[in-house]
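Notes for the one structure printed next.
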Amino acid sequence: MEKTEAIQTEDQNQQRGNVRSLERIRFYTGAKKNMTRLLFRNLHPLYEWLLSVAWCVISITITIVAFRKQNMAADPTSAAVPVVFTVIGAYFLIKSVRVPIISIWDEGNDDWLVVRRWLWKVETEHVNRQNLPMPAIEEESDNEGGKIYRCLLRIPAGSVEFGTYRRRERAQLTCDKMRTALSGRS
């Protein structure tokens with residue numbers, strides 16, 4: 001009898017652990033308890049944020065080391081190079097934090113929650129999936145002779161970019177997934 005009680009308590013503890021981890025996921029993602037599933041999340045802006053912060057930290061460290069070890073009056077060019085890299089890093093950091101992380105949650109009954117998350121604020125909007133137009137692919141030049149394809153979903157508050165790709169096939173695949181979700185067969 002003690003053995004079965006021990007097994008039950010282990011199962012209960014494991015279930016409690018799963019509930020706690022689910023609660024942690026909901027806390028960090030901004031999800032609510034009645035949400036059924038995550039449809040899309042565009043984490044590319046998060047990767048850009050982390051890369052830009054790492055670039056800035058490394059550049060600032062190199063600049064400090066260069067200023068401490070070199071005689072600036074003797075060779076001002078070698079002092080200017082780390083400063084230029086730091087300024088470039090700051091520019092990309094400022095540019096990258098303007099793009100939000102997009103999450104689209106299915107709350108059931110054709111109700112979707114669109115969450116846009118920046119470092120300084122979070123915007124949420126409830127939309128009815130049946131009232132949304134099909135997603136579109138916007139093509140734009142990357143100033144190097146190539147193309148960038150953005151998957152856009154138009155909602156009442158504006159457009160939501162839920163994917164950015166260099167290859168049209170990948171953008172088309174992502175848009176097809178969203179079309180399937182919009183049609184209700186997902």
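When reading the values below, keep in mind they use all heavy atoms of this one structure, side chains included, and skip hydrogens, waters and symmetry mates. Residue numbers run from 1 in the order of the sequence given.
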Distance from [X] atom [atom1] to [Y] atom [atom2], nearest 0.5 Å?
X      : Y      : atom1 : atom2 : value
Lys121 : Arg116 : NZ    : CZ    : 9.0 Å
Arg150 : Ser159 : CZ    : OG    : 12.0 Å
Glu48  : Ile101 : CD    : CD1   : 10.5 Å
Leu93  : Thr86  : CG    : OG1   : 12.0 Å
Phe85  : Ile58  : CZ    : CD1   : 12.0 Å
Asn128 : Ile155 : CG    : CD1   : 13.0 Å

What pair of heavy atoms forms the shortest contact from [X] to [Y], and how long is it?
X      : Y      : result
Ile88  : Trp55  : C-NE1, 4.4 Å
Asp106 : Asp111 : OD1-O, 3.7 Å
Arg98  : Trp120 : CA-CH2, 4.4 Å
Ala171 : Cys151 : O-SG, 3.4 Å
Glu161 : Asn42  : O-ND2, 3.5 Å
Arg129 : Ser183 : NH1-C, 3.4 Å

Report yes or no: do [X] and [Y] belong to one cluster of Ile/Leu/Val/Met/Phe/Trp/Tyr joined by side chain heavy-atom distances under 4.5 Å?
X      : Y      : value
Leu50  : Leu43  : yes
Leu152 : Leu132 : no
Tyr91  : Val53  : no
Val57  : Ile64  : no
Val87  : Phe92  : no

Original post:
Passes salt bridge (charged side-chain N to carboxylate O under 4.0 Å, His left out), Asp142 versus Arg166? Steps please.
Top reply: CA-CA 9 Å; Asp142 65 355; Arg166 294 234 176 243; 2.6 Å; yes

Heavy-atom distance under 4.5 Å between the side chains of [X] and [Y], does that happen here?
X      : Y      : value
Glu139 : Arg168 : yes
Leu182 : Leu153 : yes
Thr124 : Trp105 : no
Ser103 : Arg117 : no

**OP:** Could you please spell out the steps behind the side-chain contact (heavy atoms from CB on, under 4.5 Å) verdict for Glu125 and Val160?
**Re:** CA-CA 11 Å; Glu125 182 177 2; Val160 173; over 6 Å; no

Original post:
Got a sec: does the OH of Tyr165 have more than 12 other heavy atoms crowding it under 6.0 Å?
Top reply: yes

Original post:
Within a reach of under 6.0 Å around CH2 of Trp49, are more than 12 heavy atoms found that belong to other residues, nucleotides or ligands?
Top reply: yes

Subject >> side-chain contact (heavy atoms from CB on, under 4.5 Å) evaluation trace for Trp118 with Glu123 >> reply: CA-CA 9 Å; Trp118 291 270; Glu123 288 181 1; 3.7 Å; yes

**OP:** Assign the ring pair Tyr47 / His44 to parallel, tilted or perpendicular, where the plane angle (0 to 90°) is split at 30° and 60°.
**Re:** tilted

Original post:
Can you check whether Pro135's main-chain N or O pairs, donor with acceptor, with Arg179's side chain at less than 3.5 Å?
Top reply: yes

